[in-house]
Amino acid sequence: MKLNTEEVYESPPGSATPLHGAVSIERNATSRRVPGEPGLWVFLFLDLSAFSLLFAAYVYYRGQQPDLFEKSQQALNPVLGSVNMFLLITSSLLVAAGVAGIKFYGRNMERAMIGGALACGTGFSIIKIIEYGQKSSQGLTPLTNDFFMHYYVLTGIHWIHLMIGMGILIFFYLRVRASPKTSIGRTFLEGGACYWHMVDLVWIVLFPLLYLLK
Amino acid sequence: MVIVVPQLKKQAIAWVVLIVGGVASWILVKNENTAASLHLLVAVLLFIAFAKVYLVGRYFMHLNTAPAGLHIAFTAYVIGTYAAVTGIYLSA
Amino acid sequence: MNTRVQLICARLGLIFILPFFAAWGLIAGMIPPRPAPELAKSEVAKFYIENELGVLFGMAILLWLSILVAPPLAALTLQVKRIEGEFGPLTLILIICSGALIVTFIYPELFWITGAFRADRSPDAIMVLNDLGWLGFMGVGQLFVLIQFVVGFGTLRDKQQSPVFPRWFGYSCFGLGIGVGFGTLVFFFHEGPFAWNGLVSFWLVATEFGIWWILMCAMVIRAINRQASKEKGHDKKDRAGYVDVQEMSLEGDGYREDPTKEAASQT
């Protein structure tokens with residue numbers, strides 16, 4: 001198979017005709033393409049800006065009461081946070097492979113990748129529930145002090161984003177399973193994937209800010 | 001046999017770097033007592049974090065094959081947020 | 001549909017926003033958000049006693065300004081109807097939410113004005129009224145977020161040759177809607193960034209509300225103008241401001257009437 005461009009999407013090896021509705025997507029050195037569509041990035045930048053504001057606010061308020069924040073941070077479990085980080089980074093790779101696989105490897109691989117990402121997301125959620133459960137059983141709630149206010153609000157908002165992302169992935173998974181012949185619109189697929197990457201990206205910042213900052 | 005497209009290979013490498021970055025952050029924090037300055041440690045920790053963010057954007061979100069304007073805007077976001085967060089932390 | 005009246009409706013939205021914040025902030029003196037949630041009830045009562053006239057005037061103005069929310073939402077709904085092609089579910093959700101939204105504006109204003117109405121009341125009662133006002137204004141933005149999401153969803157699903165709204169606007173509805181959604185946090189905290197006077201739950205929410213409102217009105221005006229230029233020559237009555245009552249019937253329940261009339265009014 002000749003790969004004269006960076007990526008060539010063709011039918012999976014062995015199939016005679018291209019997938020119904022398939023679109024050839026070429027990315028080479030001269031043609032640049034907006035991932036998803038331009039409008040998507042309006043959304044992503046708005047959401048990222050909101051998170052930037054939350055990060056900055058956290059660090060500012062931490063600076064007002066460094067001892068309280070330092071002491072309260074001890075209750076956090078960085079191991080669980082790290083596992084969550086690993087799960088999300090891996091799920092991002094799986095989603096990326098799933099999107100790449102849509103044309104190249106065939107539907108089964110794509111479903112497996114998205115399924116894998118969903119499994120990671122579920123794992124993240126289970127760990128989150130364990131974390132929240134552990135803390136609340138110790139009497140540490142969002143109302144306990146300012147650190148825990150930030151902790152619960154930031155991780156909670158992130159978790160809500162994650163669950164919305166999982167909803168999108170479930171939608172992709174079911175669509176692919178239901179009608180293997182038709183493709184999900186490339187814009188929507190890439191858009192959903194980019195949203196998932198954004199969820200991953202936010203945790204990459206949240207984890208050190210909340211769990212590791214000294 | 002699975003053929004790995006070049007873009008996917010880059011993403012797999014990015015994944016490895018992200019994991020390594022995570023481990024590096026962990027080691028960095030574990031050695032906080034031997035750190036020259038806590039401020040420096042945190043600045044480096046956050047740098048690693050935002051470098052990882054940049055990697056996710058560049059390779060997972062395909063910004064390396066996107067129009068330059070978008071790539072620049074994202075990079076500006078990463079640098080700007082890193083500067084703001086680290087700046088506020090250091091000025092506390 | 002009468003695009004001239006629609007245009008007036010949409011422009012009223014732009015006229016509404018500045019006086020809204022001016023009355024709330026300058027006349028009633030409540031921006032930056034006062035009285036703050038962490039204040040003792042005696043200080044809350046003190047605010048209402050000292051700012052009695054300002055709150056009375058500011059809130060009276062706000063009560064009237066709040067109804068100006070209806071015309072732009074009507075124009076918005078008509079444009080979303082153009083996306084659906086009929087009074088579909090998205091259009092109906094907008095109608096339901098728009099009506100309810102105005103009520104969620106009015107009641108907090110009523111609570112605040114009631115606080116100033118008898119400012120020498122017991123501080124306990126004043127505090128309840130103040131709480132109801134602020135929590136109601138900042139924390140009950142769910143209808144607004146639903147309106148934003150419905151518009152965004154409709155915009156992104158618009159498959160017409162020339163869509164009613166640009167796709168980036170659809171995406172911005174979701175992005176700005178998330179910002180407004182932070183308002184719900186005001187119920188949990190008495191101070192800090194997530195309280196009703198906080199950086200996030202007030203300033204981010206108010207800013208994203210304002211940005212979306214202005215953007216929406218501008219997009220609706222743009223869509224109406226494009227609709228009008230498409231209709232130019234089709235119906236001279238429209239440009240004279242004449243409204244054909246017969247054409248205002250509910251369409252799209254599957255019942256086809258005169259096919260040519262339906263084609264002409266299908267915009």
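Labels below follow one simple rule: chain letters A, B, ... track the order of the sequence lines, proteins then strands, and each chain is numbered from 1.
- Within the 4.5 Å cutoff, no side-chain heavy atoms of Y171(C) are placed close to those of L46(A).
- Heavy atoms of other residues, nucleotides or ligands lying less than 6.0 angstrom from NZ of K41(C) number 12 at most.
- Looking at I178(C) and H161(A), their side chains come closer than 4.5 Å, going by heavy atoms from C-beta outward.
- Residues M149(A) and E191(C) share a closest heavy-atom pair of SD-O, 4.1 Å.
- Around atom CG of L18(C), no more than 12 heavy atoms belonging to other residues, nucleotides or ligands sit under 6.0 Å away.
- Remark: K46(C) NZ is loosely packed, at most 12 non-hydrogen atoms of other residues, nucleotides or ligands lying under 6.0 Å away.
- Within the 4.5 angstrom heavy-atom criterion, only side-chain atoms of I157(A), from C-beta onward, approach chain C.
- Here F189(C) is the residue among W168(C), F174(C), F188(C), F189(C) with the most heavy-atom pairs under 4.5 Å with chain A.
- Residues P193(C) and Y61(A) are in side-chain contact: their nearest non-hydrogen atoms beyond the backbone lie under 4.5 Å apart.
- In this structure, chain C has a heavy atom under 4.5 Å from the side chain of L54(A), while its backbone stays farther away.
- With rounding to the nearest 0.5 angstrom, the NE2 atom of H190(C) is 8.0 Å from the CG atom of L143(A).
- Between A50(A) and F182(C), the shortest heavy-atom distance links the atoms CB-CE1, 4.4 Å.
- For Y107(C), the OH atom sits in a loose shell: 12 or fewer heavy atoms of surrounding residues, nucleotides or ligands are nearer than 6.0 Å.
- In this structure, chain C has no heavy atom under 4.5 Å from any part of P38(A).
- Pairing each heavy atom of S172(C) with each of V42(A), the nearest pair is CB-CG1, 3.8 Å.
- The neighbour count for Y60(A) OH, taken as heavy atoms of other residues, nucleotides or ligands under 6.0 Å away, does not exceed 12.
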